[in-house]
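Quick caveat, the model's predicted, so the values are computed rather than measured. Just so it is clear: chains get the letters A, B, ... in the order the sequence lines come, proteins before strands, and each one is counted from 1.
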Amino acid sequence: MSIPASKVHEVREITRIERIGAHSHIRGLGLDDSLEPRNVSQGMVGQFLARRGTGVILEMIKEGKIAGRAILLAGQPGTGKTAVALALAQSLGSDTPFTLMAGSEIYSLEMSKTEALTQSIRKSIGIRIKEESEIIEGEVVEIQVDRPVAGLGAKVGKLTLKTTEMETVYDLGSKMIECLMKEKVQAGDVITIDKATGKISKLGRSFTRARDYDATGPQTRFVQCPEGELQKRKEVVHTVTLHEIDVINSRTHGFLALFSGDTGEIKSEVREQINLKVSEWREEGKAEIVPGVLFIDEVHMLDIECFSFLNRALENDMAPVVIMATNRGITRIRGTNYKSPHGIPIDLLDRMIIVPTVPYQESELKEILKIRCEEEDCEMSNDALLVLTRIALETSLRYAIQLITTSSLICRKNKNIEISVEDVKRAYTLFMDENRSSQFLKEYQDNFMFYESREQSMELA
Amino acid sequence: MSDEQWLSALQNAKKTAIIQDGKRKIHFLMEDGKEMVEEYNMDTNVLVKRAWKEKGKLGQEIGWVVEVGDPDLPKDNLDAVGIRESSSAPIVARRITKTALEWRIRNLPYPKDVYSITTENDGTIIVRTSNKKYFKKLIVPDLERAGLKPEQERISIAHQYNTLIITYKKPPKLLDMEKKVFNMLSQLKVMKEGDVQCPTS
């Protein structure tokens with residue numbers, strides 16, 4: 001039994017599949033320099049007004065002056081609210097903190113709702129700071145990984161690094177081994193390892209290895225073997241979030257708590273102290289504040305307490321830009337009996353700028369489906385795409401997207417390369433959309449369990 | 001830094017002294033918030049250990065960093081740190097004797113004629129090996145505090161039991177400063193053993 005198990009394990013390690021998410025085709029907002037949205041660009045299609053509006057917001061965030069603005073993305077399901085928010089995150093770049101949470105994430109037994117909100121707000125504010133960190137920089141002489149015989153348990157490894165002056169053997173932990181494997185580090189590479197974070201970066205290949213008969217690509221960069229000591233102290237600028245500083249200071253065992261994710265509640269005194277320290281650093285010019293973005297999806301899931309907390313939190317001058325998305329119309333505010341537009345109290349709505357998203361046109365749907373076909377690596381014939389667009393128009397875009405990979409699998413089982421209309425039809429009959437499913441339920445209700453027919457319920461009344 | 005600066009820094013620090021295991025242990029809380037611990041042998045009055053409590057810029061605890069004396073063994077497990085020097089890698093320990101500053105570099109199996117030790121203009125001493133296996137920049141905080149630069153002719157080396165011993169004969173100015181420091185510390189009121197609390201902030 002243990003042999004096949006270990007085999008599966010190995011196969012998984014070698015081929016790391018990039019998983020395709022619902023929004024992985026989005027690479028940006030697709031705007032030109034004057035913030036005009038291009039028709040089809042960076043994975044975004046249509047939704048011109050929303051994209052234009054978000055582009056303006058993007059500029060506002062980049063300026064970094066405005067704190068604590070709230071933006072509401074409102075629209076029907078499947079009109080690209082999350083897509084717009086993710087596109088914004090992509091265009092901001094990796095240096096601006098972007099926190100994505102769903103409204104229901106705050107309900108946890110481990111911490112209070114306001115604590116969860118505070119943490120995500122503080123996760124969205126970055127501090128750019130210069131810090132001295134210890135790095136190891138050298139040329140790889142040998143990398144040796146011992147797999148345990150049983151196939152289970154931690155791997156152990158040794159890494160020999162050298163500079164022009166010295167050579168040292170390092171012991172490796174299993175996480176570091178995995179990182180080295182992922183970066184495909186091999187003998188002759190010149191690498192740096194940040195000791196505190198364990199981040200590995202490849203600088204290039206050593207000149208002494210230039211004559212090796214390796215298959216070197218044209219991009220291979222050759223660098224000199226580093227000089228002096230292997231371990232150096234270097235000043236690096238990096239962005240940490242306020243939340244990370246909170247966690248480091250709230251626990252004695254420090255930043256490791258960040259990795260285990262077990263942060264618990266953080267005392268408000270700790271936060272106050274850190275705010276004080278950060279403003280001190282700012283005055284001394286040692287640190288810079290990078291206000292980021294907090295995106296709350298399904299914001300109608302928050303309750304009245306959270307909304308009033310947000311009202312207050314937005315007024316703080318360290319607040320991030322908060323973007324919320326909802327697909328609700330006039331509905332009950334959670335935790336009350338009052339109804340309000342989008343399920344959000346009027347006073348909070350008043351503080352927001354609202355960006356509406358509208359249902360997609362047929363031509364836009366077709367473009368989106370085309371992009372998704374590419375993303376999911378499926379070839380589709382023109383007719384099939386037209387049929388799929390029709391389906392998207394009559395049922396929903398999400399359902400049509402679900403049919404892409406399913407019909408491609410059907411097509412592959414029939415030994416075809418291009419998805420035809422037949423394959424889509426087959427997938428359409430195999431999997432029901434929401435409309436047909438409810439239709440079916442209405443027709444055959446009597447056959448299901450716990451069904452109360454109209455007469456029975458009348459009697460009971 | 002000149003010798004006066006160092007002396008006044010020690011003078012102004014909050015000091016707590018205790019005698020334990022035949023050693024005079026002194027905890028310093030400097031005016032800039034740094035913490036230092038020194039241990040003196042009661043018989044010879046020589047410093048056997050000096051350690052600093054280091055903190056990262058963001059406030060994370062790094063722990064005690066030993067300047068003089070045997071360094072603590074790494075106790076955190078390998079998976080938490082990810083990478084660390086193999087236990088067979090050379091390791092530097094600093095010692096101070098009555099007349100000299102000493103570095104002991106263990107796990108160096110190469111013969112004596114491989115090593116060359118030079119003083120540098122930036123106040124450090126560099127250990128090189130002709131077989132390109134080991135290289136180390138040694139900082140000399142004691143000389144720095146006395147406002148001195150290392151001099152080549154005061155260095156002598158010995159090699160035995162896989163250990164390279166570098167000895168630096170103390171210059172008179174350093175001896176003088178150490179004497180002043182010790183005089184100051186020996187006048188400290190020694191706390192009773194047991195419930196001693198050192199101020200930490």
Side-chain angles (χ1 to χ4, degrees), chain A residues 127 129-133 136 154 156-180 193-200 227-232 240 244-256 259 270 273-274 277-278 281 286-287, chain B residues 32-33 52-65 71 73-92 103 105-110 114-118 120 122 124-139 164 200-201:
Chain A
I127 309 287
I129 198 166
K130 255 191 213 152
E131 207 190 9
E132 214 171 60
S133 81
I136 304 171
V156 283
K158 282 192 189 315
L159 174 72
T160 314
L161 288 176
K162 71 164 186 186
T163 65
T164 51
E165 309 275 2
M166 68 183 291
E167 195 174 305
T168 304
V169 181
Y170 290 91
D171 288 335
L172 300 171
S174 53
K175 230 184 227 163
M176 189 62 79
I177 293 175
E178 224 164 90
C179 290
L180 287 166
I193 300 172
D194 188 330
K195 254 193 135 181
T197 59
K199 210 182 129 222
I200 299 169
E227 288 171 359
E229 277 179 282
L230 271 164
Q231 287 195 38
K232 293 169 195 158
V240 289
E244 284 168 328
I245 306 180
D246 287 352
V247 173
I248 289 167
N249 284 279
S250 71
R251 290 224 168 183
T252 40
H253 42 256
F255 70 95
L256 283 176
F259 297 118
V270 173
Q273 252 178 16
I274 284 159
K277 196 128 193 209
V278 166
W281 287 340
K286 282 185 192 161
Chain B
D32 56 4
W52 293 84
K53 193 174 192 178
E54 293 281 330
K55 262 192 174 179
K57 196 170 181 184
L58 301 176
Q60 68 270 49
E61 300 262 332
I62 292 174
W64 289 91
V65 174
L73 289 170
K75 48 184 175 285
D76 36 22
N77 75 348
L78 187 54
D79 270 333
V81 287
I83 185 165
R84 76 161 171 240
E85 284 183 19
S86 151
S87 56
S88 62
I91 182 165
V92 183
W103 288 264
I105 310 179
R106 299 195 191 105
N107 291 334
L108 273 182
Y110 321 110
V114 166
Y115 310 102
S116 68
I117 286 92
T118 51
E120 301 292 312
D122 59 351
T124 59
I125 296 174
I126 289 183
V127 184
R128 286 189 178 84
T129 48
S130 60
N131 60 359
K132 303 290 181 203
K133 289 290 181 194
Y134 189 70
F135 176 94
K136 182 86 189 171
K137 217 174 191 181
L138 300 168
I139 50 166
L164 175 72
T200 54
S201 58

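- Taking CE of A:Met176 as the start and CZ of B:Arg84 as the end, the distance is 12.0 Å to the nearest 0.5 Å.
- Contact between A:Thr168 and B:Ala89 at its shortest, heavy atoms only, is CG2-CB, 4.0 Å.
- For A:Thr164, the part lying under 4.5 angstrom from a heavy atom of chain B is the backbone only.
- Contact annotation for A:Ile136: only side-chain heavy atoms (C-beta onward) come within less than 4.5 Å of a heavy atom of chain B.
- The contact between B:Ser87 and chain A is made entirely by backbone atoms, counting heavy-atom distances below 4.5 Å.
- Interface residue A:Val240: only side-chain heavy atoms are found under 4.5 Å from chain B.
- Each of A:Met166, A:Glu165, A:Glu229 was compared with B:Lys136 under the side chain to side chain contact (heavy atoms under 4.5 Å, CB included) criterion, and only A:Glu229 meets it.
- Not counting sequence neighbours, B:Tyr134 has no partner by the ring pair (Phe, Tyr, Trp, His ring centres under 6.0 Å) test.
- Put simply, CD1 on B:Ile83 and CD1 on A:Ile193 are 3.5 Å apart, with the number rounded to the nearest 0.5 Å.
- Crowding of A:Gln273 atom CD: a count of heavy atoms from other residues, nucleotides or ligands under 6.0 Å not exceeding 12.
- Around CD of B:Glu120, the count of heavy atoms belonging to other residues, nucleotides or ligands within 6.0 Å exceeds 12.
- Only the side chain of A:Leu159 has a heavy atom closer than 4.5 Å to any heavy atom of chain B.
- Looking at residues two or more places apart in sequence or on another chain, you find no salt bridge (Lys or Arg N to Asp or Glu O under 4.0 Å) involving A:Lys199.
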